[in-house]
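Treat the numbers as computed from the prediction; the structure is a model and nothing was measured. Chain letters run A, B, ... following the sequence lines, proteins first and then strands; every chain starts at 1.
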Protein chains: 2
Amino acid sequence: MLQSLGKQDAPMDAYRQLFDGILSQRLSPGTKLNEVELAELFNVSRTLIRQALQRLQLEQVVEIHKNRGAYVASPTPDLAEQILLARNIIELAVVKLACKHCTQADALYLQQMINLEQSAIDQGDMATALRRSGEFHLQLAIVAGNQPFIHALRGLISQTSLIITMYNHGGGNACARDEHSHLLEAVKCGDESKAQELMAHHLGHIKQGCDFTQSPQVAGLQVAFAHLNAS
Amino acid sequence: MLQSLGKQDAPMDAYRQLFDGILSQRLSPGTKLNEVELAELFNVSRTLIRQALQRLQLEQVVEIHKNRGAYVASPTPDLAEQILLARNIIELAVVKLACKHCTQADALYLQQMINLEQSAIDQGDMATALRRSGEFHLQLAIVAGNQPFIHALRGLISQTSLIITMYNHGGGNACARDEHSHLLEAVKCGDESKAQELMAHHLGHIKQGCDFTQSPQVAGLQVAFAHLNAS
DNA sequence: GTATATTATATTGTATACAATATAATTGAA
DNA sequence: TTCAATTATATTGTATACAATATAATATAC
């Protein structure tokens, strides 16, 4: 609904399937991504699978080891720290820009995304909620209108999802709704310092909600893409 | 010398050839990158060329239009502004981190890079100087030790080279030596605010040296890779 | 002569086939 | 039984072949 593409685009489809699978927590960090298996699941050739995997690698969501295959990335606590620090720097700049550039239409759209996220939370679908939360942050960068920030955040937000999947077992991200709402309010008012303060707190909460002492279990491909195995 | 790889890696080689070609200004912005032509030049199959092109696309150095091929990116003045703004935000954070993490060995290595850059300038090889200048900035991020910043800057620095190629006809980047030296000095001392100030000025000079009113000419592939056509 | 339609060519997109490497299994010796 | 070596299998890496699309060239109508 947020991103309806008219004509089908095989490479993008394969990419998106994998991307969504990872961000929806169906594919756990560390899962091996077998090329032929994926090719058969998606009914395309390995060529397109490899394209998708390479792209995901460059977004840091997948690790590819030469001659040994692709794996869903599993950021270490140290890397997680770096990622959240980078997000803090970039998103503080982003909200500042957003305060300047946010139109009424932008604000409305952002509000809709918040509502969608909330409805996912209400239905107990935390995986979808997490994905939509990421989409909200990305949309903020789009509103800010800085291409490099958009590009960088796409990867960083995805990686943050992995981090939350791995380390945030408590699920303390439920407070996101109010935080996003308040943030949007500040952006609409053009209150830069307030918006930055809220963003800093928001990102701080993500970090606080994580316990960097335990690792997650790894699920297989068939489980992750069970909804495709109609045949 | 700075990056000697023992065993040869065909995909990386193809990528690096193209990357260096672009950053050394042998490939001008807007140049069409024909796949078969490149495959023959590098003596590899189109498969590897396409891999390299996709990677360059994700680094924003190459634009790929569906069914119409790959072109060296040619950032618009507006995008150039966004890129330099993003660099400003990120590199200010980078030097701050670098001030904290810079070891004596790091400082020595950075100094060597400055020397290499200067020797290129002395020989009048501005293309190499530009490339080495970029490597210095990237090394600073490596010293800072933040993976996402390293990753983001790799693309941003490359894009900046394109911007300079396109818009900085005056070549006013010659002042870079002193600026890099002074920057390194501040980093060695751990003087964060001083380092940030110098970095901000340095990046400001890049922008000031550009004239966003004229576009460059486009050279062909054979010219760019003439040094390969021994046969 | 210009413009449109149609054909021919060139280029990119995708799938498959083969090569190289790594992983797993098996065999044999201690 | 355990370890090592060797063979067999599976998986990834690369090149090629074919399909689809776009570009260029030619022909035809006006």
Side-chain angles (χ1 to χ4, degrees), chain A residues 5-19 21-22 27 30-58 61-73 218-222 224-225 228 231, chain B residues 5-19 21-22 27 30-58 61-74 218-225 228 231:
Chain A
L5 24 84
K7 62 176 178 179
Q8 74 173 23
D9 184 356
M12 188 55 113
D13 287 353
Y15 162 78
R16 191 159 286 281
Q17 289 266 25
L18 279 166
F19 187 82
I22 293 171
L27 285 167
T31 305
K32 163 130 201 198
L33 301 170
N34 183 293
E35 295 180 1
V36 294
E37 206 167 349
L38 289 170
E40 288 168 0
L41 276 168
F42 300 161
N43 279 309
V44 293
S45 76
R46 273 179 59 218
T47 306
L48 296 183
I49 297 299
R50 285 175 68 84
Q51 262 184 245
L53 290 175
Q54 195 192 346
R55 177 166 175 183
L56 289 164
Q57 177 190 32
L58 295 172
V61 178
V62 157
E63 294 173 9
I64 298 180
H65 303 97
K66 192 171 170 62
N67 288 324
R68 301 189 60 181
Y71 297 81
V72 179
V218 175
L221 289 182
Q222 283 79 2
F225 295 107
L228 293 179
S231 58
Chain B
L5 27 82
K7 61 177 179 179
Q8 74 174 22
D9 185 355
M12 188 57 109
D13 287 354
Y15 162 78
R16 191 160 286 282
Q17 289 266 25
L18 279 166
F19 187 82
I22 293 171
L27 285 167
T31 306
K32 162 129 200 198
L33 300 170
N34 183 296
E35 294 180 1
V36 294
E37 207 167 348
L38 290 170
E40 287 167 1
L41 276 168
F42 300 160
N43 278 309
V44 293
S45 75
R46 273 179 58 217
T47 305
L48 296 184
I49 297 299
R50 284 175 69 84
Q51 261 184 245
L53 291 175
Q54 195 193 346
R55 176 166 173 183
L56 289 163
Q57 177 190 33
L58 294 172
V61 178
V62 158
E63 294 173 8
I64 298 180
H65 303 97
K66 192 171 171 62
N67 288 323
R68 302 190 60 181
Y71 297 81
V72 179
S74 52
V218 176
L221 289 182
Q222 283 79 2
V223 180
F225 295 107
L228 292 179
S231 59

Check this one for me: any side-chain N or O of A:Lys32 less than 4.0 Å away from OP1 or OP2 of D:dT12? yes
Measure CG/A:Leu33 against P/D:dT12 and give the value in whole Å, please. 9 Å
Is there a side-chain contact between B:Leu27 and B:Leu33 (heavy atoms, below 4.5 Å)? yes
Heavy-atom check, side chain of B:Arg55 versus side chain of B:Met12, under 4.5 Å: yes
Just N and O in the side chain of B:Lys66: are any of them under 4.0 Å from OP1 or OP2 of C:dT11? no
Using atom CD1 of A:Ile49 as one end and atom P of D:dT11 as the other, report the distance to the nearest whole Å. 15 Å
May I have the distance from A:Asp9 (atom CG) to C:dG13 (atom P), rounded to whole angstrom? 10 Å
Give a yes/no on whether any side-chain N or O of A:Thr47 is located under 4.0 angstrom from OP1 or OP2 of C:dT14. no
Rounding to a whole Å, what distance do you find between B:Arg55:CZ and D:dG13:P? 14 Å
I'd like to know if A:Arg68 reaches the base of D:dG13 with its side chain, counting only an N/O donor and acceptor under 3.5 Å. no
Atom pair distance, as rounded to whole Å: CG in B:Asn43 and P in D:dT16: 11 Å
When you match A:Arg46 and A:Ala10 each to their closest nucleotide on DNA chain C, which lands nearer the 5' end? A:Ala10
Name all residues meeting the salt bridge (charged side-chain N to carboxylate O under 4.0 Å, His left out) criterion together with A:Glu35; count only those two or more places apart in sequence or in a different chain, and write none if there are none. A:Arg46, A:Arg50
Evaluate the side-chain proximity of B:Lys66 to A:Asp9: yes if any heavy-atom separation is below 4.5 Å, no if none is. yes
Take atom CD of A:Gln51 and atom P of D:dT12, then tell me their distance rounded to the nearest Å. 16 Å
Among C:dT12, C:dT16, D:dT12, the nucleotide that comes nearest once only the side chain of A:Glu35 is considered: D:dT12
Side chain of B:Leu48 - closest among D:dA15, C:dT12, D:dG13: D:dA15
Would you say that A:Val61 contacts A:Leu18 through its side chain, given a criterion of any heavy-atom pair below 4.5 Å between the two side chains? no
Counting side-chain heavy atoms from C-beta on, which of C:dT14, D:dA15, D:dT11 comes nearest to A:Asn34? D:dT11
Using OP1 and OP2 only, check whether a side-chain N or O of B:Asn67 sits under 4.0 Å from C:dT12. no
A:Gln54 CD to D:dG13 C1', straight-line distance once rounded to whole Å: 13 Å
What is the distance, to the nearest angstrom, from the CD atom on A:Glu40 to the P atom on C:dT16? 11 Å
